[in-house]
Engineer: 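If you scroll down you'll find the structure; I have some questions about it.
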Amino acid sequence: MARVVVDVMLKPEILDPQGQAIAGACPRLGFEGIEQVRQGKRFEVEVEGEVDEAKLADVRRLAETLLANTVIEDFEVRPA
């Protein structure tokens with residue numbers, strides 16, 4: 001089995017309240033110099049056989065259909 005990683009992030013123009021809350025908590029917790037945080041999701045998809053372009057295309061379709069809301073999120077698919 002092989003693994004493919006799908007990283008999903010909010011598009012830059014979409015507000016990220018969770019990221020803002022994390023960034024706001026950083027100074028209170030002693031982390032200085034943190035200006036911005038954007039939160040996202042990571043999916044690890046195990047596939048049969050080797051990861052080739054056809055498998056990556058299948059996982060891209062999976063990401064577009066199920067893993068990401070492409071209206072507000074961008075995603076990246078890559079072999080692990």
Engineer: Transitive ILVMFWY cluster of Ile22 at side-chain heavy atoms under 4.5 Å: who else is in it?
Structural biologist: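 Members alongside Ile22: Leu29, Phe31, Ile34, Val37.
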Engineer: One thing to verify: whether Asp58 and Arg61 come together as a salt bridge, which I'm taking to mean a side-chain N less than 4.0 angstrom from a carboxylate O.
Structural biologist: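 Between Asp58 and Arg61 there is a salt bridge, with a charged N closer than 4.0 Å to a carboxylate O.
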Engineer: Shortest non-hydrogen contact from Val8 to Phe43?
Structural biologist: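 Shortest heavy-atom separation between Val8 and Phe43 comes out as CG2-CE1, 3.8 Å.
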Engineer: CD of Glu46: more than 12 outside heavy atoms within 6.0 angstrom?
Structural biologist: yes
Engineer: Take atom CD in Glu13; do more than 12 heavy atoms of anything else shown fall under 6.0 Å from it?
Structural biologist: yes
Engineer: Nearest heavy-atom pair of Val51 and Arg3: which atoms, and what distance?
Structural biologist: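 Looking at all heavy atoms of both residues, the closest pair is CG2-O, 4.1 Å.
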Engineer: Could you give me the CA-CA distance, side-chain angles and deciding distance for Asp74 and Lys11, then say whether side chain to side chain contact (heavy atoms under 4.5 Å, CB included) is met?
Structural biologist: CA-CA 6 Å; Asp74 291 324; Lys11 291 183 177 186; 3.3 Å; yes
Engineer: Could you state whether Val47 and Leu66 fall into the same hydrophobic cluster, counting links through intermediate Ile, Leu, Val, Met, Phe, Trp or Tyr residues with side-chain heavy atoms under 4.5 angstrom apart?
Structural biologist: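 Hydrophobic grouping puts Val47 with Leu66.
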Engineer: Please report the closest heavy-atom contact between Phe75 and Arg60, naming both atoms and the distance.
Structural biologist: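 Answer, listing the atom of Phe75 first, then Arg60: CZ-O, 3.9 Å.
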Engineer: Around atom CD of Glu44, are there more than 12 heavy atoms of other residues, nucleotides or ligands at under 6.0 Å?
Structural biologist: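 Correct, the count exceeds 12.
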Engineer: From the options Gln20, Gln18, Met9, select the one residue that forms a side-chain contact (heavy atoms from CB on, under 4.5 Å) with Gln39.
Structural biologist: Gln18
Engineer: Is the backbone N or O of Leu56 less than 3.5 Å from a side-chain atom of Arg78, with the two atoms forming a donor-acceptor pair by type?
Structural biologist: no
Engineer: Let me know which of Val59, Val45, Leu62 forms a side-chain contact (heavy atoms from CB on, under 4.5 Å) with Val77.
Structural biologist: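 Among Val59, Val45, Leu62, the one that satisfies the side-chain contact (heavy atoms from CB on, under 4.5 Å) with Val77 is Val59.
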Engineer: Which atom names give the shortest non-hydrogen contact between Gly49 and Ala2, and what distance separates them?
Structural biologist: O-CB, 3.3 Å
Engineer: Got a second to check how far Lys41's NZ is from Leu10's CG, nearest 0.5 Å?
Structural biologist: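 Here the interatomic distance stands at 8.0 Å.
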